[in-house]
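Proteins come first, then strands; the chains are lettered A, B, ... in the order of their sequence lines, and each starts at number 1. None of these values were measured; they are calculated from a predicted model.
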There are 2 protein chains.
Amino acid sequence: MLTLYFAPHTISLATHILLEEVGARYSTVRIDFKSTEQRSPEYLKINPKGRMPALVTDRGILTETPAMLVYVAQAFRRPELALMDDPFAFAEVQAVNSYLGSHLHVAHAHRMRGYRWVDADDAHSIAAMQRKVPQSVGESFAMIEREMLKGPWVMGERFTICDPYLFTLAQWLEADGVDPKTIPKVMEHRQRMSERATVKKAIAAELSGQG
Amino acid sequence: MLTLYFAPHTISLATHILLEEVGARYSTVRIDFKSTEQRSPEYLKINPKGRMPALVTDRGILTETPAMLVYVAQAFRRPELALMDDPFAFAEVQAVNSYLGSHLHVAHAHRMRGYRWVDADDAHSIAAMQRKVPQSVGESFAMIEREMLKGPWVMGERFTICDPYLFTLAQWLEADGVDPKTIPKVMEHRQRMSERATVKKAIAAELSGQG
């Protein structure tokens with residue numbers, strides 16, 4: 001059986017939703033960011049990177065959301081969730097998820113995790129990063145709006161592993177200072193996702209602490 | 001036939017090497033970063049993100065190195081280069097490549113592309129980012145050394161799509177201020193890669209301008 005290590009309000013929600021989508025049997029372990037439990041010796045044994053999420057499987061431990069999403073789709077015999085029957089379509093899925101991880105999520109992280117890239121006590125630079133986030137995250141969402149999100153789902157008519165990933169990142173856009181009116185397709189997608197039973201269940205589990 | 005848009009000294013080398021590994025017939029187009037050709041109207045039609053690389057296929061245009069590497073392996077019927085016969089092993093490959101793209105490459109980018117995350121005229125913050133690069137890139141390579149690189153290749157006995165990706169990023173570690181002596185396995189891997197005929201050919205083509 002799978003065990004998902006998660007923390008509320010982090011990217012772990014994407015994998016959590018997908019586990020619900022495929023009807024997986026799984027357990028969860030909540031990691032408390034407030035007490036920086038993600039950097040505790042116990043959690044570092046699970047994920048030496050000290051990041052969320054981690055997925056414990058019978059074969060070993062997986063990290064990195066793009067990898068975990070494909071794995072869940074394959075492990076539960078739902079390769080169509082990653083369009084894996086078609087190498088080009090699969091590559092497009094992977095390109096979107098790679099962009100979400102290495103561009104959009106990275107831009108977002110400069111608001112609260114700027115210490116990764118400048119000294120933590122450099123208040124000027126930390127603040128400068130935070131000021132840029134509305135622009136950098138906004139441009140990333142604008143790119144998604146214009147070039148990637150086909151509608152009604154990210155890849156078009158078929159729901160894929162891109163959808164929970166984009167949805168999770170879109171949870172944070174107002175806090176990042178992005179104007180929702182500039183990205184109507186992203187906002188419609190977020191609303192559409194929020195109405196799915198699987199999404200409601202994953203969010204409720206994370207917020208209730210019953211995970 | 002495939003066309004690879006590349007620029008010397010960028011991450012496009014990873015895909016370039018893999019095209020040589022699979023014996024692909026392909027053409028190349030060199031993009032000149034010195035004249036910021038990657039943001040020219042012509043190139044933005046190829047890749048609206050204005051980044052390297054892009055791979056033009058009969059089906060459409062692909063971007064994002066982790067996606068392109070899997071695509072090339074599949075398109076040339078070499079799925080074993082991504083360990084795709086085993087969903088868990090494939091997920092491990094994807095996890096490494098996701099880490100390389102969203103952690104190591106991102107840390108590196110703060111040395112020369114800091115303007116993505118702070119205002120370009122904020123000299124203090126740009127310099128602060130540059131000063132942190134030896135530490136942030138160094139920690140990322142240390143994580144790879146300790147947790148990911150199995151040897152002799154990244155995934156162990158089998159050469160995979162992780163190898164040209166790590167090799168390409170490892171080209172830049174001295175310029176990033178990382179001490180090679182702290183990461184002997186990464187350095188051995190880089191040397192091992194540099195001796196492959198495919199790697200020599202891809203590098204020579206990029207540097208000669210003959211693509």
- Interchain contact, A:Asp86 with chain B, by part (heavy-atom threshold 4.5 Å): side chain
- Item | chain B contacts, top residue of A:Ser98, A:Ala75, A:Ala89 (heavy-atom pairs, under 4.5 Å) | A:Ser98
- So which part of A:His103 gets closer than 4.5 Å to some heavy atom of chain B, the side chain, the backbone, both or neither? side chain
- Query: A:Ile61 versus chain B, heavy atoms under 4.5 Å apart: side chain, backbone, both or neither?
  - Reply: backbone
- Task: Give the intermediate values and the outcome of side-chain contact (heavy atoms from CB on, under 4.5 Å) for residues A:Asp58 and B:Phe88.
- Result: CA-CA 10 Å; A:Asp58 293 341; B:Phe88 185 81; over 6 Å; no
- Heavy-atom contacts under 4.5 Å, residues 90-97 of chain A to chain B: A:Phe90, A:Ala91, A:Glu92, A:Gln94, A:Ala95
- Note on the structure: In terms of heavy-atom pairs under 4.5 Å with chain B, the winner among A:Gln74, A:Arg59, A:Glu139, A:Met143 is A:Arg59
- Pull out the residues in residues 107-134 of chain B that come under 4.5 Å of chain A, heavy atom to heavy atom, sorted by number. B:Ala107, B:His110, B:Tyr115, B:Arg116, B:Trp117, B:Val118, B:Asp119, B:Asp122, B:His124, B:Ser125, B:Ala128, B:Met129, B:Arg131, B:Lys132
- Task: Specify which of A:Ala67, A:Gly101, A:Ser140, A:Pro66 makes the most heavy-atom pairs with chain B at under 4.5 Å.
- Result: A:Ala67
- Message: For A:Thr57, which atoms come within 4.5 Å of any heavy atom of chain B: side chain, backbone, both, or neither?
- Response: side chain
- Task: May I ask you to name which of B:Gln135, B:Arg146, B:Glu147, B:Lys49 has the most heavy-atom pairs under 4.5 Å with chain A?
- Result: B:Lys49
